[in-house]
Q: 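Quick one: the structure is below, and I'll ask about it shortly.
FYI, side chains are in, hydrogens and waters are out, and symmetry mates aren't considered; it's all heavy atoms of this structure. Chain letters run A, B, ... following the sequence lines, proteins first, then strands; residues in each count from 1.
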Amino acid sequence: MTGSCVRAKVRAFSRAGSGLRATLAGYGKSLMTTERYNAREAEPRWQAEWEKRKLFETAATSEKPPYYVLEMFPYPSGRIHMGHVRNYAMGDVVARYKRAKGFDVLHPMGWDAFGLPAENAAMERKVHPKAWTYENIATMRSQLKSIGLSLDWSREIATCDPDYYAQQQALFLDLLEAGLAYRRKSKVNWDPVDNTVLANEQVVDGRGWRSGALVEQRELTQWFLKITDFAEDLLGALDDLPRWPEKVRTMQKNWIGRSEGLLVRWALANPADATEIQVYTTRPDTLFGASFLAVAADHPIAAARAQSNPALQAFIEECRRAGTSAAALETAEKMGYDTGLKVRHPFDPAIEVPVYVANFVLMDYGTGAIFGCPAHDQRDYDFASKYGLPIVPVVAPQGADAQALVATHAYDGDGVMINSRFLDGMTTDAAFEEVARRLESATLGNAAVAERKVNWRLRDWGISRQRYWGCPIPVIHCESCGPQPAPRDSLPVLLPDDVSFDQPGNPLDRHPTWRDVACPACGGPARRETDTMDTFVDSSWYFARFTAPRAKTPTEKTVAGRWLPVDQYIGGVEHAILHLLYSRFFTRAMKTTGHVGVDEPFAGLFTQGMVVHETYKDAAGEWIAPAEIAITEADGVRRAAKIGSGEPIEIGAIEKMSKSKKNVVDPNDILETYGADTARWFMLSDSPPERDVIWTEAGVEGASRFVQRVWRLANEAPMAPVEPEAFGDAATALRRISHGALARVGEDIERLRFNRCVAAANELANALGQSLANAPSPESDLAFAQREAAEHLVRIVSPFMPHLAEEAWAALGHETLIAESAWPKADPALLATDTVTLPVQVNGKKRDEIVVSREADSASIEKIVRELAAVTSAIGDKPIRKIIVVPQRIVNVVA
RNA sequence: GCGGACGUGGCGAAACCGGUAGACGCACGAGACUUAAAAUCUUGCGCCGCAAGGCGUGCGGGUUCGAGUCCCGCCGUCCGCACCA
C-alpha cells in the first residue's frame with residue numbers, strides 16, 4: 001500500500017457524513033483512511049443527476065435493439081412494502097444491465113389505481129376515492145424514486161386517469177363492434193343489508209364481509225367478454241411460451257380445462273315436462289355401467305318437477321343455500337332426490353335408470369346433467385352407495401379383479417371392457433370411439449343420439465361491477481333503442497366527482513345529472529350504464545399503453561410493434577391465472593381490433609418469491625413487531641425479549657409479512673438506516689429469486705458491510721497505470737477471477753439468477769482484498785490488474801447498487817456516469833486456463849488430484865495416475881481393471 | 001381427492017450435460033489491531049474420530065467406472081385446483 005494511498009481519496013462531494021472513519025490495519029506499512037460511504041447523502045444526489053440527464057427516458061426512436069422489461073404495476077394502497085422493493089429491484093437489475101449491453105430499454109411504471117379499497121376508504125374516512133388514490137400515488141411514487149429505480153417516469157400512467165380510461169372505453173367499443181363483448185343475465189352475490197354486489201372474496205362463510213348478512217344469489221344483466229372464443233388458442237399457445245414458468249402454464253391449462261367427450265341424449269321412459277335429458281360425459285366407454293342420471297338443482301327439469309312437488313322444491317332450495325359457501329361445498333355430503341322420472345339407456349331401451357336431482361351436479365358445466373357410473377367415478381360411487389343403486393364394474397384394470405376392486409371405491413383408470421356387451425374386450429380408448437361412432441349414427445326422434453363435444457372449464461369473463469371507482473362502461477340504455485354504445489366523440493365517459501358514500505349501493509345509480517342522458521340513436525330519454533369495469537380490465541392492456549402512453553388512440557400500432565411482446569415481465573405468482581390469462585386474451589382481442597400485431601403480451605415471465613419474516617408473540621399471545629424486540633443468542637439458542645421491559649417473547653414461524661401478524665418491515669425505515677443499495681443488495685442475495693427470502697437484521701447488516709467493502713476497495717485500488725505488455729502470475733490469477741466474475745454475472749443476470757451474481761461479487765471482492773494486502777509498486781502489472789478488478793467489481797454491482805456504483809466509479813477517477821457506460825467484455829483468453837486440475841478417484845472415491853495440461857492425452861494421464869502413491873496404496877494388490885479418463889473433468893481408477 | 005414443486009451443514013444456499021458435495025453469505029469459535037467498544041483484518045467451521053480413517057445430499061432399492069443430479073417405491077413440506085362428469 002505505497003504510492004496509491006498518497007492520492008486524495010476523498011472526493012469533493014463525499015462529505016464527512018457520519019464522521020465515522022474506517023482504519024485499515026493492513027500490514028503496518030502505512031495507514032490509510034477512507035470516508036465511510038454515506039448512502040443517505042449520496043443516493044438522492046445520484047438520483048437527481050440521473051433525472052437531470054433524463055437517462056432513463058426512452059426516446060421515440062433508436063438505432064439500438066429494443067428491450068422491454070416490466071414489473072407488475074402496484075395497487076396504490078398507501079405505502080410500498082418490501083415485496084415491491086424486491087420485485088422492482090429485480091426488474092431494475094435487468095433494465096440497467098440491458099442498457100449497459102447496448103439495448104434501447106423500455107422500463108416504465110404506473111398504477112393499478114381503480115378498485116374497492118378506495119371506496120372503503122371513502123366510507124370509513126370520508127375521503128374521496130380520487131383524492132385518496134392520488135395521494136397514495138404521490139407517496140408511493142416518491143418512495144419508489146428513493147429506491148433509485150431506472151424507470152421512465154415520463155410514461156407514468158394511472159388507470160384512473162381519464163386519459164387512460166378514455167382509451168379503455170374506446171377499446172370496449174371496439175370489442176363490442178367485433179362481437180367480443182355482449183350482455184347476458186348472470187348471478188351475482190347480493191348483500192341485502194348493504195344493498196350491494198359482492199365479489200367472491202367478500203363473501204365469507206356465505207355472509208357479507210361487512211354487514212354479516214346472508215348473501216343471496218341474484219340475477220343481473222351484465223357485460224361479458226368472449227374469452228371463450230380464444231380458449232383453444234389460449235391453451236395451445238402456452239406451449240410456445242418457453243420462457244414462462246412451467247407451473248404457471250400448468251395452472252392456466254387446468255384453468256382453461258379442455259375436455260373431450262360426448263353429448264348423449266337419454267329418452268325419458270315416462271315423458272312429462274320434457275321428452276329427453278342430455279348429458280355430457282368424458283367416459284362414454286362406461287355407458288353400460290350407468291345406474292342413474294343426475295341433474296343440477298337449477299336444471300329446468302328439476303324446476304319443472306318441483307312445481308308439483310314441494311318436497312323437491314325444498315330440496316332444491318337447500319342445495320342453493322349450501323351452494324353459497326365454498327367451505328360448505330368442500331365437505332358437503334352427496335345428496336339427491338329421486339324425481340320419479342326414468343330414462344332409457346341409449347343402447348337398450350329395456351334398461352331404465354332413475355333420474356335424481358343431486359347437489360353435486362353443477363348447472364354451469366356441461367349440460368347440468370350427468371349419467372352416474374358408480375364403479376368408475378368416486379362421486380357417483382358415494383352417491384350410489386348412499387341410495388342403494390347398483391355398482392357394476394365395466395372396466396377391468398390390468399391384472400386385477402374388477403369386482404373386488406370396486407368393493408371399496410371407484411376405479412377411474414384405464415383397462416379392458418367387461419359387462420358391456422359389444423364393447424367387451426376392448427380397451428377403454430377403443431370403447432370410447434366405438435360408443436361415439438355408434439351413437440352418432442343412431443337416432444332419437446330425428447336427430448343423432450350423441451355428438452362429440454369439446455368442453456371448456458373456462459367461462460366468458462364477466463366484467464360488470466356495480467361500483468363507483470372503476471372505468472365506466474360506455475353504453476347508454478334506451479327503452480326504445482336498447483343498449484347503445486356511447487358516441488366515440490363523447491369519450492371519455494367521465495366519472496362524476498360529486499358523489500357521496502354515506503349510503504350503500506353504487507353512487508352512480510343515484511346521480512341523476514350524470515345518469516340521465518339522451519339516447520344517441522333516437523334522442524329520447526335514456527340512462528347511462530352505471531356499472532363500471534372489473535379492474536382486471538385495466539391491467540389487461542397497460543403494458544401496451546406504456547409503449548405510447550399519451551397517444552390519442554389506445555396504442556400506436558407501429559410503436560407497439562417495436563416493443564411488444566414484453567421481453568421480461570416480473571411479478572408475483574398470485575397473478576398466475578387471472579391477470580396473465582386476461583392479458584393474453586386482451587392482447588388477442590386487441591390484435592383482432594387492430595391495435596397490436598402480436599398474440600402474446602409477455603415473451604418472458606418470471607414469478608418472484610415473497611419476502612417473509614419471523615413472527616413474535618408475547619405471553620398473552622399478542623403479536624409483537626420486530627422493532628419492539630431484541631434477539632440474543634447463547635449456546636446456539638436464539639431468544640427474544642421485549643426492548644425495555646425484557647419480557648420474554650416467543651419466536652414463531654417465518655411467514656409472509658402482514659400487518660395482522662405485525663411482522664412487517666417498513667422499507668422507509670430500511671432506506672433511512674441503510675440506504676436503498678443495501679436494501680436492494682440484500683433482497684437479491686442468498687435466496688434464489690423465485691423462492692421466498694427471509695428478511696433478517698443480520699442479513700441486512702451483511703449487505704451493508706458489503707456496501708462499505710466495495711467502497712473501500714474502490715478507494716484502495718491503485719490509479720490506472722498503462723496496460724503492461726505482459727502479466728506475472730499474481731496479476732494473471734487476479735485477472736482470471738475478475739474477468740471470470742464479469743462473464744458469470746452477465747450470464748446470471750440474463751437468467752435472473754441474482755443470488756449467484758452476489759456470490760460472484762463476493763468472490764471478486766475477496767480476491768481483490770487479498771491482492772491489495774500485498775501492495776505492488778504503482779506501475780506494476782499487478783497494480784493494473786488490481787485497478788481493473790476494482791473497476792470490474794464496481795461494474796458488476798452497478799445494476800444492483802447503482803448509487804454506490806456511481807460514487808465508486810467517480811472515486812476510480814471516471815468523469816462519466818456508470819449508468820451511461822457500456823458493460824465491458826471479458827477477455828476470453830482469461831476465461832480458459834491452460835492447465836486443469838483433475839480429481840483422481842479409485843473406485844469412485846476421490847484419493848488425489850493432479851494438474852495436467854488442458855490438452856493432455858488420456859495415455860499420459862493414465863501413466864501419471866498409475867504411479868500416484870495415493871492410488872497404489874488405495875488399490876493395494878488388486879489389479880487395475882481399467883482407468884476412465886474424462887478429459888478436463890476427472891480420472892477414475894477401477895480396481 | 002387431483003396436479004405441481006421441493007427435501008443438501010446450526011441457517012440462507014451453490015454444484016452446467018451424471019464427474020472433487022457444501023462455492024458465497026449469515027451465525028459461531030480462535031487470534032491481530034484497540035485503553036475499550038464498534039469497524040476492519042487473519043484464521044477455523046458437514047458429522048464421528050486423538051489420529052489414520054470412516055460416514056454423509058429425507059428413507060429404501062436400482063442403473064453406472066462414477067448419482068445431490070437418472071429410474072422405481074416410500075416419507076415429509078409447500079403451492080395450486082377442488083364435486084368440471
Q: More than 12 non-hydrogen atoms from neighbouring residues, nucleotides or ligands closer than 6.0 Å to NZ on A:Lys656, yes or no?
A: no

Q: Find the partner of B:rG3: check Watson-Crick (N1-N3 plus N6-O4 or O6-N4) and G-U wobble (N1-O2, O6-N3) distances, both under 3.5 Å, and reply none if neither fits.
A: B:rC79

Q: Who does B:rC24 pair with, Watson-Crick or G-U, both distances under 3.5 Å?
A: B:rG12

Q: May I have the distance from A:Asp748 (atom CG) to B:rC24 (atom C1'), rounded to whole angstrom?
A: 12 Å

Q: If you check the A:Phe360 side chain, which of B:rC83, B:rG25, B:rG19 turns out closest?
A: B:rC83

Q: Which of the following nucleotides, B:rU20, B:rU42, B:rC24, is nearest to the side chain of A:Ile890?
A: B:rU20

Q: Of the nucleotides B:rA27, B:rA14, B:rA85, which has the atom closest to the A:Leu362 side chain?
A: B:rA85

Q: Is the gap between the ring centers of A:Phe292 and A:Phe371 under 6.0 Å?
A: no

Q: When you look at CZ of A:Arg452, are more than 12 heavy atoms from neighbouring residues, nucleotides or ligands closer to it than 6.0 Å?
A: yes

Q: Over how many whole Å does the gap from A:Asp686 atom CG to B:rG22 atom P extend?
A: 19 Å

Q: Please measure how far the C1' atom in B:rU64 lies from the corresponding atom in B:rC17, and state the result in whole Å.
A: 16 Å

Q: Can a donor-acceptor pair under 3.5 Å be found between the side-chain atoms of A:Lys247 and the base atoms of B:rC79?
A: no

Q: Which of these nucleotides, B:rA85, B:rC55, B:rU20, is closest to any side-chain atom of A:Ile370?
A: B:rA85

Q: Can you tell me the distance, in whole Å, between the CZ atom of A:Phe754 and the C1' atom of B:rC24?
A: 17 Å

Q: Check every atom of B:rA15, B:rC83, B:rA13 against the side chain of A:Arg753 and return the nucleotide holding the closest atom.
A: B:rA15

Q: Using the P atom in both, what is the distance from B:rA38 to B:rA27, to the nearest Å?
A: 13 Å

Q: Taking atom C1' in both B:rA23 and B:rC16, compute the distance separating them and give it to the nearest angstrom.
A: 14 Å

Q: Under 3.5 Å for both donor-acceptor distances, Watson-Crick or wobble: does B:rA30 have a partner, and if so which one?
A: B:rU42

Q: Let's see if you can work this out: which of B:rC41, B:rA14, B:rG66 has an atom nearest to the side-chain heavy atoms of A:Pro688?
A: B:rA14

Q: Strictly below 4.0 Å: does A:Arg691 bring a side-chain N or O up to OP1 or OP2 of B:rA14?
A: yes

Q: Please determine whether any donor N or O and acceptor N or O are separated by less than 3.5 Å between the side chain of A:Asn892 and the base of B:rC65.
A: yes

Q: What is the distance, rounded to the nearest whole Å, between atom CZ of A:Arg705 and atom P of B:rA39?
A: 7 Å

Q: Quick check for you: among B:rC41, B:rA82, B:rC65, whose closest atom lies nearest to any side-chain atom of A:Arg709?
A: B:rC41

Q: Rounded to whole Å, please give me the gap between CG in A:Leu768 and C1' in B:rC41.
A: 15 Å

Q: Atom CG of A:Leu684 and atom C1' of B:rG12: how far apart are they, to the nearest Å?
A: 14 Å

Q: Nearest to the side chain of A:Lys846, which nucleotide is it out of B:rU20, B:rG12, B:rG3?
A: B:rU20

Q: May I ask you to evaluate whether A:Arg457 reaches the phosphate of B:rA82, defined as a side-chain N or O under 4.0 Å from OP1 or OP2?
A: yes

Q: Using the P atom as the point on both nucleotides, what is the distance between B:rC47 and B:rA52, in whole Å?
A: 16 Å

Q: Measuring from the side chain of A:Glu763 (C-beta onward, heavy atoms only), which nucleotide among B:rU20, B:rC24, B:rA85 has the closest atom?
A: B:rC24

Q: Could you tell me whether a side-chain N or O of A:Gln786 sits under 3.5 Å from a main-chain N or O of A:Ser771, the two making a donor and an acceptor?
A: yes

Q: Between B:rA15, B:rA39, B:rG12, which nucleotide gets closest to the side-chain atoms of A:Arg756?
A: B:rA15

